[in-house]
Amino acid sequence: MTGVTATATAAAGTDASYQAVFDAAVAADERIEPRDWMPEEYRSSLVRQMAQHAHSEIIGMQPEANWITRAPSLRRKAILMAKVQDEAGHGLYLYSAAETLGTGRDELLDKLHSGRQKYSSIFNYPTLTWADVGAIGWLVDGAAITNQVPLCRCSYGPYARAMVRICKEESFHQRQGYELLLALSQGTPDQHAMAQDAVNRWWWPSLMMFGPPDDESAHSAQSMTWKIKRHSNDELRQRFVDIAVGQAEGLGLTLPDPELRWNEERGHHDFGPIDWTEFWEVLKGNGPCNEQRITQRRRAHEEGAWVREAAASYATKHQTQRSRSQSQSQSQSQHANGEATA
Ligand code: BYC
């Protein structure tokens with residue numbers, strides 16, 4: 001919020017006037033910052049979405065990391081390692097952004113590990129072949145960019161700023177996936193078939209990433225009023241389909257939907273029905289890899305306990321050293337002042 005509105009907030013003093021200042025800031029496309037007053041539901045909805053987003057980034061490392069040791073060349077291995085590391089970084093930015101709302105990372109991770117918070121449905125599908133790494137880059141990162149570019153204009157400042165850097169990195173991820181699939185598509189007939197098979201398996205789950213249809217989306221209307229979300233789930237899904245059709249042609253691959261066709265009247269592509277039963281089943285924990293992903297995540301957390309302990313004791317040691325040298329220099333300057341006065 002601007003200095004003027006923040007001052008107005010301080011002067012106003014009642015919940016209703018705080019709310020009015022908040023609403024005016026959102027309406028004026030100003031950013032809400034951590035110390036600004038905000039409705040509790042706005043705070044909790046942001047924590048819910050940002051936590052789910054952060055969890056998706058770190059769980060999303062698993063399906064691709066599965067292929068690091070089997071990448072077909074040093075170049076591909078280096079690219080894949082960089083991408084997976086970027087995803088850990090995205091998780092870090094997002095957990096840090098969520099911390100500005102007063103929710104610590106430990107608490108969020110605990111909710112992920114105990115199944116009280118979600119991560120994206122897409123990461124509950126297996127990566128069966130090397131071509132899946134390309135399909136994830138092209139389709140999953142492509143869907144992520146379509147969804148996340150508007151989040152750079154989210155009303156909550158720390159989330160919006162984190163998204164700017166994340167989107168830049170996601171663009172690189174998407175390009176590497178496209179380039180990988182193009183190489184396979186233009187390779188031997190077996191490689192082409194492998195690329196096509198991966199696209200066939202990842203297409204529909206990628207469309208599900210955008211969330212349930214608008215009429216079943218519990219949070220969309222409120223999130224759009226608050227300008228956390230700028231577009232509805234269906235709008236973004238349609239935008240993604242329209243982009244992907246031309247890109248699939250460029251790749252020489254087809255999308256597995258016989259009903260996919262340009263609709264002149266709508267100015268968009270029509271596409272076939274999404275299997276929402278499958279989506280809700282995956283959300284309930286019944287996808288092909290839910291159990292494997294969460295077990296692996298808990299194990300990684302337990303095995304990383306010594307790193308967190310070491311980092312914490314290192315920080316404590318340096319904090320103690322800093323306080324000691326500060327108090328030493330204070331007493332030296334008091335001593336020096338005393339001598340000067342004497
Ligand atoms: N998976 O009211 P709705 C990435 C839940 S990309 C699981 O429409 P909302 C990456 C939803 O949480 C993926 N759950 O919700 C890419 C809600 O349940 P709760 C992460 C889903 O929030 C490549 C219920 O269904 N991206 O990280 O308005 C490599 C009703 O939904 C899903 C983000 O998280 C789903 N697909 O809209 C590595 C982007 N869809 O919470 C990593 C930020 C819906 O009431 N998030 N649900 O229990 C968003 O933009 C929005 O949260 C969503 C959902 C569009 C996903």
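Just follow the structure's listing: the first ligand is 1, and inside any ligand the first atom is 1.
Looking from atom 23 (C) of ligand 1 to the surrounding protein, the closest heavy atom is Asp141 OD1, 3.1 Å.
Under 4.0 Å is where a charged nitrogen must lie from a carboxylate oxygen, and between Asp36 and Arg31 no such pair does. Taking the charged nitrogens against the carboxylate oxygens, Arg297 and Glu303 have no contact shorter than 4.0 Å, which rules out a salt bridge. Asp29 has a carboxylate O that lies under 4.0 Å from a charged side-chain N of Arg230, or vice versa, which qualifies the two as a salt bridge.
With Tyr119, Tyr159, Phe210 as candidates, the residue nearest to atom 43 (C) of ligand 1 on a non-hydrogen basis is Tyr159. Here atom 29 (C) of ligand 1 lies nearest to Glu87 when heavy atoms of Met163, Glu87, Arg116 are compared. Across the listed options Met61, Gln49, Arg48, Arg230, Gln49 owns the non-hydrogen atom lying nearest to atom 49 (C) of ligand 1. By heavy-atom distance, the residue among Pro212, Ser232, Ala144, Pro150 lying nearest atom 44 (C) of ligand 1 is Pro212. Comparing His219, Lys229, Gln117 against atom 54 (C) of ligand 1, the shortest heavy-atom distance belongs to Lys229.
Ring geometry for Phe279 versus Trp276: interplanar angle over 60°, hence perpendicular rather than tilted (30 to 60°). Between Trp203 and Phe240, the two ring planes are parallel [angle under 30°; tilted spans 30° to 60°].
The shortest N or O to N or O distance between Glu64 and ligand 1 is not below 3.5 Å. The N/O atoms of Ser223, backbone and side chain alike, include none that comes under 3.5 Å of an N/O atom in ligand 1.
Under the 6.0 Å cut-off for aromatic ring centres, Tyr95 and His55 qualify, their centroids lying closer than that.
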